[in-house]
Amino acid sequence: MLEKTYQPAAIEARIHEEWVKAEAFKAGRPERKDAAAYAIVIPPPNVTGSLHMGHALNNTLQDILCRFERMRGRDVLWQPGTDHAGIATQMVVERQLMERQEPDRRKLGRDKFLERVWAWKAESGGTITNQLKRLGASCDWSRERFTMGERGAPDDQMVKAVTKVFVDLYNQGLIYKDKRLVNWDPQFQSAISDLEVEAIEKTGTFKWTRGDTDKEGNPVALDHKRLAKLLVKEPAGHMYYFNYPLEGAAYDPDKPETFVTVATTRPETMLGDTAVAVHPTHEKSRYKHLIGKRVVLPLTGRTIPIVGDDYADPEKGTGAVKITPAHDFNDFEVGRRHADKLVAPINIFDAFAKLNENVPETYRGLERFQARMRVVEDLDAASYVAKIEPTTHTVPHGDRSGVPIEPWLTDQWYVNAGELAKAALAAVSSGKTRFVPERFAADYFRWLENIQPWCVSRQLWWGHQIPAWYGPDGQVFVATSQDEAQALAEKHYASSPSPRVRGEGRGEGQLPVSTGRGDEVPLWRDPDVLDTWFSSALWPFSTLGWPESTPELARYYPTSALVTGFDIIFFWVARMMMMGCHFMQEIPFHDVYIHGLVRDEKGQKMSKSKGNVVDPLKLIEEFGADALRFSMAAMASQGSDVKFSVKRIEGYRNFATKLWNAARFAEMNECVRQKDFDPAKVKGTLNRWIAGEVERTAQAVTAAIEAYKFNEAAGAVYDFTWGTFCDWYLELAKPILNGEDEAGKAETRATAAWALDQVLKLLHPFMPFITEELWERVVEVGEKRTSLLCLSPWPRYAGLADAAADEEIGWVVRLVSEVRSVRSEMNVPAGAKVPLVLVGAGRAVRARADRHGDIIRRLARIDAITFEAAAPKGSAQIVVGETTAALPLAGVIDMGAERTRLLREIDKAAAEIRKIDAKLSNQSFVAKAPPEVVEENRERKADFEAVTAKLQAALKRVEAA
RNA sequence: GGGCGGUUAGCUCAGCGGUAGAGCGCCUCGUUUACACCGAGGAUGUCGGGGGUUCGAAACCCUCACCGCCCACCA
């Protein structure tokens, strides 16, 4: 006997055990070896992370697809795994060191530090996969992969994949080392990619202009103290105007012909200026006559040229722009164009963004915003500051560190993304890979079409170390292993003169390499690691065994679908497309389904700092995994964000209980499954009707999942389960199940059991635990069922719909509903049984009423049904299609109220008729609208007219009484 | 600056050319043996504003307003 309510906690754990024991989710189950394959690779969560609502949404949707396809008989691989998440994980461990007051990573050294990270991974690495299991994720857990492979195993296949991709791309000229400006994160002291930069808007408040006077007319000096205070609090948000004196002119701030004014939001960078640019030809370019002259760069003693360059916009700032090639992306390009006239870019910062030895001694070692203050003060002291204005501008910040990034000139490794993007673009424009919803393809195109070289080296320790070794002369040897690098180096140095040792290299793990001339040179390995997304980009094929050519790769690649959030289309989807197309010569997936973000009730992004994070595990504990999953599916309408709602989850918990009780009802009424039950062969009207409804629902759910319309699929199965199966079918079945007609009872029991099974199946992708439990516990001809629901076939029916049954049950439902409605409106006590008179019923209606008399009596709380030619006096009257039903309630109800009610009904019908008439009397509607629409309107009008006639008759009776 | 999305019942959202919907909340009633995590009934909308296309617009087009997101060289 089933308990009264569904208790998820214990059941979920046990059901999960059963799935595992049966290896239900294992890809390549022998009985499916001839079935079509269906594969999804999981977006690998951070290995040391824990489940958040975004994961819950993402994995629920994937699991719905996988379970659905598995039930449709396909050989499903849902490939699980985790990501090493370079920066994020390294940050966590560094913070741990700090909190425990242990030596920082630099003091610890690389090896010891990495040991700590691996230890942390070992400690917390299982958390998220266990949480995914709690959610019910039907991954093939035996195939779990980690982007970094096994610890200390350079031969690990996941590591080999990364190394091979790097080496191959290098040998193909698609990876190269370059000295150019990168986004430097001074917090991590690492380069980051363009995508990891977030533009944050800043607005200042400080305002000062040379020549300002106070009330007494005295000039107001720049308040250094106030400025300094402000700069500490908010370093950005101001535009500074500086005068650069013309070389040879006697500088006078009051004589504009003696200087050029430049504007900047980053004053400290002036120490690295190598030019001033003005527009060479534009009519509004007020400085163009100065091209070729030089200005004295204050504070430095250097002079720099004024160059003509289109980049200088006469409409912006002062029309003259200072050029700092080492610290600004545009300036770098300008500097490059005028390299013949300029000194080399002057790098003024070190890795911490403190001023380095390239600036005058007095500024060295200053942190960049202190430097900003000092520079402004010193410039002002010499009257070079023209004005300071508050401005609103966007300042690039590191998305993880949260500090302003500094464009910095360094050597980094780059992937020629422009080249790789070609195939990735073609795959989507040709339709081989499809975005759902389609509009996300536009973002994908826009980004890939304008893609910049991808900086893949990171100055971190946690990650795949770049497989490049350097000789003392800086010669690079890119190789899949140290041995191979040594061999390359030996070959190289055997044929070229012994390199002179330049500097001492970067000193790590130096390897001796024989030159073949009896001496040795040291090799050292590049200490940098690869961007985490570099290894994630290989995920669809690395997890399947690449670079080996494995059976899994042959069977499951390209994968069927990818399910992910829009926030990582660029980071991940586009890069998988690039790498997949390049290395596999084949797209990594056919469909990319993009879902939204999970937000809090107010629509805010969930974040730890806001404290509005909801823990899905808590929700699972409180409401069950099924309720959480169902609410995710029901709220996941295509392309829109999901606003989390506890009420909603609670509602679906109630839904689970409802289902549970429907099963309980079936059990109590001995609705036992019959082995060879055929829904096409049932005789009873009610049973024929529910069979048709099952078919319709199965088709709707199937179509919706196929179209990735998860909310529609969830809605269809919800409505059917609650609104059709529970509210009507089971209620209508009660009189039969309690009745004397043994044959009808037997058929209804069998049909109810069958229909419940279909509900369990249709619901299983959404609510796997409760459905699997009920599948097992509702007995089959007295014996326990041993099959698993998750592997049982998906409902596929055709031809069960029966129009006559639909019509008849529809009539019963409407009659019952109307009677209930009138009773309620007329304040008939809920417990009172009243008689029902069917007025002027023909043979067909009589037969119907006889067939379903028990049902009508029970559900509408009627004591007797009789047939009369006219409604008895003092009746409430109801029009149901062609039938007029009367409730003789003289003395019980207020006939005045009944009159009002009828008038209201008549008004409603009249309003509808007016609307339809307006259409039908419109010539062009009749002429131009599709005939079936016109016909439909005519029918509707006729129906309303018939109803009105009956209502009028009813009204007459009431008024006569 | 460019682009995308949103604005529908008190709240959260579906619907996206042919009769305005759901869940929650609200009101009334209910010990009817599956379920009060329930049942029955009910109220509630000039579908953001303004134009247009169409026989017909919540839906398509234009425009405005507001909200959100993404991209963009911090003069």
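Below, read A as the first sequence line, B as the second, and so on, with proteins coming before strands; counting in each chain starts at 1. Scope of the values below: all heavy atoms of this structure, side chains included, with no hydrogens, waters or symmetry mates.
- The distance from atom CH2 of A:Trp728 to atom P of B:rA34 is 17 Å, rounded to the nearest whole Å.
- Using a cut-off of 4.0 Å between Lys/Arg side-chain N and Asp/Glu carboxylate O, A:Glu912 and A:Lys908 are scored as not salt-bridged.
- For RNA chain B, the neighbouring residues in residues 923-931 of chain A, judged by any heavy atom under 4.0 Å, are A:Ser924, A:Phe925, A:Lys928, A:Ala929, A:Pro930.
- Using a 4.0 Å heavy-atom distance criterion, A:Asn711 is classed as a sugar-phosphate-only contact.
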Q: In sequence, state the C-alpha distance, the side-chain angles, and the governing distance for A:Glu667 and A:Arg664, and then conclude on salt bridge (Lys or Arg N to Asp or Glu O under 4.0 Å).
A: CA-CA 5 Å; A:Glu667 186 185 41; A:Arg664 192 159 167 266; 5.9 Å; no
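- Looking only at distances, a side-chain donor or acceptor of A:His238 sits under 3.5 Å from a matching main-chain atom of A:Phe206.
- One interatomic measurement links the two molecules: CG of A:Leu195 to C1' of B:rC70, which rounds to 11 Å at whole-angstrom precision.
- Comparing B:rU53 with B:rA14, their C1' atoms sit 27 Å apart, to the nearest whole Å.
- Distances shown here put a side-chain N or O of A:Lys915 below 4.0 Å from the OP1 or OP2 atom of B:rA20.
- Distance A:Arg823 CZ to B:rG39 C1': 14 Å, rounded to the nearest Å.
- Taking atom C1' on both nucleotides, B:rG17 is separated from B:rG41 by 34 Å, rounded to a whole Å.
- OP1 or OP2 of B:rA75 sits under 4.0 Å from a side-chain N or O of A:Thr265.
- Put simply, A:Ser821 has no side-chain N or O that comes within less than 4.0 Å of OP1 or OP2 on B:rG41.
- For A:Phe570, counting side-chain heavy atoms from C-beta on, the closest listed nucleotide (B:rC70, B:rC74, B:rA34) is B:rC70.
- By the 4.0 Å N-to-carboxylate-O rule, A:Asp943 lies too far from A:Arg940 to be salt-bridged with it.
- Annotation: proximity of residues 650-663 of chain A to RNA chain B (heavy atom, distance under 4.0 Å) is found for A:Arg653, A:Asn654, A:Thr657, A:Lys658, A:Asn661, A:Ala662, numbered in ascending order.
- Listed candidates were B:rC24, B:rC69, B:rA14. Nearest to the side chain of A:Lys647 is B:rC24.
- Aromatic ring orientation, A:Tyr652 versus A:Tyr718: perpendicular (interplanar angle above 60°, classes split at 30° and 60°).
- A:Phe655 pairs with exactly one of A:Phe720, A:Phe630, A:Phe623 by the ring pair (Phe, Tyr, Trp, His ring centres under 6.0 Å) rule, that one being A:Phe630.
- No salt bridge links A:Glu936 with A:Arg938; every basic N to acidic carboxylate O contact stays at or beyond 4.0 Å.
- In the set B:rG23, B:rG39, B:rA75, the nucleotide with an atom closest to the side chain of A:Asp727 is B:rG39.
- Between the base of B:rU32 and the side chain of A:Arg858 there is no donor-acceptor pair shorter than 3.5 Å.
- Counting only heavy atoms from C-beta on, A:Cys726 has its side chain closest to B:rA34 among B:rC71, B:rA34, B:rC73.
- Each of A:Lys709 and A:Glu825 lies near RNA chain B, and the nucleotide nearest A:Lys709 is the one positioned closer to the 5' end.
- Nucleotides B:rU7 and B:rG42, compared at atom P, are 29 Å apart to the nearest Å.
- Side-chain contact, A:Ser193 with A:Glu196: a donor N or O sits under 3.5 Å from an acceptor N or O.
- Contacts of A:Glu731 with the nucleic acid, taken as non-hydrogen atoms under 4.0 Å apart, include base atoms.
- Using a cutoff of 4.0 Å between basic side-chain nitrogens and carboxylate oxygens, A:Arg777 and A:Glu3 are scored as salt-bridged.
- Here, B:rA59 and B:rU63 have their P atoms 16 Å apart, quoted to the whole Å.
- The list of side-chain hydrogen bond (donor to acceptor under 3.5 Å, both in side chains) pairs with a residue in residues 719-730 of chain A, not counting sequence neighbours, reads A:Asn687-A:Tyr729.
- Taking only side-chain atoms of A:Asn922, from C-beta outward, the nucleotide of B:rC55, B:rA75, B:rG5 with the closest atom is B:rC55.
- Comparing B:rC74, B:rC29, B:rC73 by their nearest atom to the side chain of A:Arg266 picks out B:rC74.
- Between A:Lys734 and B:rA34 there is a side-chain N or O to OP1 or OP2 distance below 4.0 Å.
- Here A:Trp722 reaches the OP1 or OP2 of B:rG39: one of its side-chain N or O atoms lies under 4.0 Å away.
- When the C1' atom is used for both B:rU33 and B:rG23, the distance is 30 Å, rounded to whole Å.
- Between B:rA22 and B:rG15, the two P atoms lie 15 Å apart (nearest whole Å).
- A:Pro829 comes within 4.0 angstrom of nothing in the nucleic acid, heavy atoms only.
- Nucleotide B:rG5 holds its C1' atom 10 Å from the CZ atom of A:Phe566, rounded to whole Å.
- Counting only Watson-Crick and G-U wobble pairs whose two key distances fall under 3.5 Å, RNA chain B forms stems of three or more stacked pairs at B:1-7 with B:65-71, B:10-13 with B:21-24, B:26-30 with B:38-42, B:48-52 with B:60-64.
- Distance, A:Ile862 CD1 to B:rU32 P: 17 Å, rounded to whole Å.
- Judged by atom type and distance alone, A:Glu3 does not reach the base of B:rA34 through any side-chain donor-acceptor pair under 3.5 Å.
- Protein atom NZ of A:Lys202 is 19 Å distant from nucleotide atom C1' of B:rC73, rounded to whole Å.
- Look at CZ on A:Arg648: it is 10 Å from P on B:rC13, rounded to the nearest Å.
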Q: Dump the intermediate steps for salt bridge (Lys or Arg N to Asp or Glu O under 4.0 Å) on A:Glu825 and A:Arg904, then the final yes or no.
A: CA-CA 12 Å; A:Glu825 272 182 73; A:Arg904 206 172 57 225; 2.6 Å; yes
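- Spacing between B:rG50 and B:rA57 at atom C1', rounded to whole Å, works out to 15 Å.
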Side chains of residues 913-921 of chain A: which donor-acceptor partners sit under 3.5 Å, not counting sequence neighbours?
unit_1, atom_1, unit_2, atom_2, d
A:Asp917, OD1, A:Lys941, NZ, 2.8
A:Ser921, OG, A:Asp917, O, 2.9
A:Ser921, OG, A:Ala918, O, 3.3

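- Going from the C1' atom of B:rC4 to that of B:rU46 covers 30 Å, rounded to whole Å.
- Across all strands, A:Leu859 comes closer than 4.0 Å to no nucleic acid atom at all (heavy-atom distances).
- You'll find the side chain of A:Met632 reaches within 4.5 Å of the side chain of A:Leu628, heavy atoms only.
- Applying the salt bridge (Lys or Arg N to Asp or Glu O under 4.0 Å) rule to A:Lys284 yields the partners A:Glu315; only residues at least two apart in sequence or on another chain are considered.
- Nearest nucleotide to the side chain of A:Met668, out of B:rA40, B:rA34, B:rA75: B:rA34.
- Nearest to the side-chain atoms of A:His393 among the listed nucleotides B:rG5, B:rA34, B:rC74 stands B:rC74.
- Note: CZ (A:Arg904) to C1' (B:rA43) measures 11 Å, nearest angstrom.
- There is no side-chain donor-acceptor pair under 3.5 Å between A:Lys202 and A:Thr391.
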